[in-house]
Amino acid sequence: MGPLVSLVREGTPVQQEQAAWALANLAYNAANKDAIREAGGVGPLVALVREGTPEQRQQAARALGNLAAGNAANRDAIREAGGVRPLVS
């Protein structure tokens, strides 16, 4: 998960969007939900929801939604990273 998280954080705009898309798809799997959080993926996804292009925001929001579904630790991490406000606005 680390390379995808790095691309969300530091990649080109296209790489950020594609990495967020990949993380969103991987986050359907319960084990991947924890792995993405443990790799530091929540913060960069929240930042992309706040500051990204419309396409980046869409993919990052989808990733965060998938991470949160059925995973209390990820919901807490998203809340602690300040992700609730940009997701509902």
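- Counting heavy atoms from C-beta outward, Val14 and Gln18 have side chains that approach closer than 4.5 Å.
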Donor-acceptor contacts, no H, no angles, side chain residues 66-73, under 3.5 Å, sequence neighbours left out:
from  : atom 1 : to    : atom 2 : distance (Å)
Asn66 : ND2    : Ala24 : O      : 2.8
Asn71 : OD1    : Ala73 : N      : 3.3
Asn71 : OD1    : Asn74 : N      : 2.8
Asn71 : ND2    : Asp34 : OD1    : 3.0

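- For the pair Gln58 (side chain) and Glu55 (backbone), a donor-acceptor distance under 3.5 Å is absent.
- Judged by distance alone, with hydrogens and angles left aside, the side-chain atoms of Asn32 form a donor-acceptor pair with the main-chain N or O of Leu26 at under 3.5 Å.
- Put simply, Ile36 and Leu4 are part of the same group of oily side chains (I, L, V, M, F, W, Y) that touch within less than 4.5 Å, one to the next.
- For the side chain to side chain contact (heavy atoms under 4.5 Å, CB included) with Leu64, the qualifying choice from Val46, Val84, Leu48 is Val46, the only one to do so.
- Of all the heavy atoms in Gly41 and Val5, the pair that sits closest is CA-CG2, 3.7 Å.
- In plain terms, the two heavy atoms of Gln59 and Ala20 that are nearest each other are CB-CB, 3.8 Å.
- When all heavy atoms of Gly2 and Ala39 are compared, the pair lying nearest together is N-CB, 4.2 Å.
- The hydrophobic clustering, which links ILVMFWY residues whose side-chain heavy atoms are closer than 4.5 Å, places Ile78 and Met1 together.
- When side chains are defined from C-beta on, Arg62 counts as touching Trp21, because their heavy atoms get closer than 4.5 Å.
- Scored by the side-chain contact (heavy atoms from CB on, under 4.5 Å) test, Ser6 finds Arg9 as partners (sequence neighbours excluded).
- Smallest separation of non-hydrogen atoms from Gly40 and Pro44: O-CD, 2.9 Å.
- A pairwise comparison of heavy atoms in Leu23 and Ala63 identifies C-CB, 4.3 Å as the closest pair.
- Summarising the geometry of Gly82 relative to Pro86, their closest heavy-atom pair is O-CD, 3.1 Å, with the distance given to 0.1 Å.
- With Val42 as the fixed residue, the side chain to side chain contact (heavy atoms under 4.5 Å, CB included) test singles out one of Arg37, Glu80, Arg79: Arg37.
- With 3.5 Å as the limit, one finds no donor-acceptor pair spanning the side chains of Gln56 and Glu17.
- If you take CZ on Arg57 and CZ on Arg50, they are separated by 11.0 Å, rounding to the nearest 0.5 Å.
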